[in-house]
Each structure stands twice: as structure tokens, then as C-alpha cells.
Asker: 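Let me begin by handing over the structure; questions about it come next.
Because only heavy atoms are used, hydrogens play no part in the values below, and waters and symmetry mates are left out as well, while side chains stay in. Computed from a predicted model, the values in this text were never measured in an experiment.
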Amino acid sequence: MSIRRALESDISDIVEIENCSFEVPWPDFLFKAHLSNPGFLVYEEDKVLGYAIVASSEDKRTAHLQSIAVHRDHRRQGIASKLLEWCIDLVRLYGFNRMTLEVREKNVSAQLFYSNNGFVVEGKVDGYYLDDNAIVMGKDI
């Protein structure tokens with residue numbers, strides 16, 4: 001097992017994970033656009049099993065978790081928690097003291113995951129997704 005920065009050769013595995021994880025998946029070109037982001041990480045064994053993308057917000061003190069997902073065949077094994085931990089450690093090294101994210105209002109299991117990892121509900125954005133509202137969550141790190 002290793003967690004490392006994403007490479008262009010990982011994109012097909014990442015897109016496969018994305019497609020089995022989200023109703024409205026990101027297209028491959030969005031992942032390619034994030035390759036230079038030091039917060040684009042993958043969890044790998046023989047192949048990529050999960051990924052996370054974290055970026056800075058405009059205030060340069062708050063990191064923003066843009067996406068995190070694990071292949072459906074490897075969920076409930078702690079991979080997402082390890083990726084999230086690495087993201088938090090990484091942005092802390094860059095001097096960030098806070099992390100925020102948006103999660104679908106209908107995705108109660110994801111909200112519980114973030115809650116169990118210390119994130120608290122900070123608000124709601126109506127119509128954030130094409131078919132759902134977003135719950136905004138945050139955590140001091």
C-alpha cells in the first residue's frame with residue numbers, strides 16, 4: 001500500500017473509480033487539469049484503489065477537499081480515512097489551518113464519514129449540484 005501524488009498514467013483508474021462512485025462523474029480532462037496540484041493523491045496497491053484532491057481556497061489558510069473516492073470493490077477498508085488523513089497532513093505542512101468541503105445533502109453516509117473524521121456542518125447551499133443541495137462541512141486542522 002502506498003499513497004502518492006497522482007500521475008497521468010493513473011487517470012484511467014481514477015476515472016473508473018469516479019464513474020462507479022458518483023451520479024455525475026467528473027470527465028477525465030478535469031483530473032488531467034489537477035495533475036500539477038500537490039494535493040492530488042492516490043492510494044495504490046497493485047493499481048489505484050482510491051484518490052483525493054485537495055486545493056487551497058482564496059484565503060490561503062483554508063484547504064478545500066474537492067473530491068475523494070474509493071473503488072466500490074475496496075470500500076469499508078479504511079482507504080478513504082487514510083487518504084483524508086494524508087490530505088490533512090499535507091495541507092497542514094503547507095501552513096493551512098482549516099479544511100472545508102461540500103457533500104450532497106442526500107449522501108448521508110458521506111456526511112457521517114466526514115462527521116466521524118471531525119468535520120462539522122457549517123451550512124447548506126441550495127442547488128449546488130444539478131440534482132441536489134450541498135451540505136458545507138469544515139474542520140480546524
Asker: Is the shortest side-chain heavy-atom distance between Arg104 and Asp131 below 4.5 Å?
Answerer: yes
Asker: Quiz question: by atom type and distance under 3.5 Å, do the side chains of Asn117 and Ser115 form a donor-acceptor pair?
Answerer: no
Asker: Between Tyr114 and Ile68, is any pair of side-chain heavy atoms under 4.5 Å apart?
Answerer: yes
Asker: Can you tell if the side chain of Asp132 reaches within under 4.5 Å of the side chain of Glu23, non-hydrogen atoms only?
Answerer: no
Asker: What is the ring orientation for Phe31 with Trp26, classed by angle as parallel under 30°, tilted 30 to 60°, or perpendicular over 60°?
Answerer: tilted
Asker: Determine, using the 4.5 Å side-chain heavy-atom cutoff (strictly less than), whether Tyr128 and Val121 are members of one ILVMFWY cluster.
Answerer: no
Asker: Would Val42 end up clustered with Phe29 when hydrophobic side chains under 4.5 Å apart are linked, directly or stepwise?
Answerer: yes
Asker: Carefully, step by step, assess Asn19 and Ser21 under the rule side-chain hydrogen bond (donor to acceptor under 3.5 Å, both in side chains).
Answerer: CA-CA 6 Å; Asn19 289 338; Ser21 298; over 6 Å; no
Asker: Where do Met99 and Leu84 land on the side chain to side chain contact (heavy atoms under 4.5 Å, CB included) test, with the steps shown first?
Answerer: CA-CA 11 Å; Met99 184 177 280; Leu84 183 58; 4.2 Å; yes
Asker: Please determine if Glu16 and Lys47 form a salt bridge, counting it only when a charged side-chain N lies under 4.0 Å from a carboxylate O.
Answerer: yes
Asker: Do Ile17 and Tyr51 touch side chain to side chain, with heavy atoms closer than 4.5 Å?
Answerer: yes
Asker: Using the rule that Ile, Leu, Val, Met, Phe, Trp and Tyr join whenever any side-chain heavy atoms are under 4.5 Å apart, tell me whether Ile53 and Tyr43 fall into a single cluster.
Answerer: no
Asker: Under a 3.5 Å distance rule, please check whether Asp13 uses its side chain to pair with a backbone N or O of Leu49 as donor and acceptor.
Answerer: no
Asker: Tell me, with the steps shown, if Asn107 and Tyr129 meet side chain to side chain contact (heavy atoms under 4.5 Å, CB included).
Answerer: CA-CA 12 Å; Asn107 194 343; Tyr129 299 100; over 6 Å; no
Asker: Between Ile3 and Lys82, does a side chain to side chain contact (heavy atoms under 4.5 Å, CB included) hold up when you go through it step by step?
Answerer: CA-CA 9 Å; Ile3 295 177; Lys82 287 179 182 148; 4.1 Å; yes
Asker: For the backbone of Leu7 and the side chain of Asp10, can you confirm whether one donor and one acceptor N or O come within less than 3.5 Å of each other?
Answerer: yes
Asker: Spell out, as yes or no, whether a donor-acceptor pair under 3.5 Å connects the side chain of Asn97 to the backbone of Ile141.
Answerer: no
Asker: Under a single-linkage definition using a 4.5 Å side-chain heavy-atom cutoff for Ile, Leu, Val, Met, Phe, Trp and Tyr, are Ile14 and Leu35 assigned to the same hydrophobic cluster?
Answerer: yes
Asker: Can you give me the closest heavy-atom contact between Asn133 and Asp126, atom names plus distance?
Answerer: OD1-CA, 3.2 Å
Asker: Where do Arg75 and Val70 come nearest, in terms of heavy atoms and distance?
Answerer: NE-O, 2.8 Å
Asker: Determine yes or no for a side-chain-to-main-chain donor-acceptor pair under 3.5 angstrom, with Gln111 supplying the side chain and Glu105 the backbone.
Answerer: yes
Asker: Could you tell me whether the side chain of Arg5 and the main chain of Ser36 form a donor-acceptor pair under 3.5 Å?
Answerer: yes
Asker: Determine, stepwise, if the pair Tyr94 / Ser56 fulfils side chain to side chain contact (heavy atoms under 4.5 Å, CB included).
Answerer: CA-CA 10 Å; Tyr94 280 97; Ser56 66; over 6 Å; no
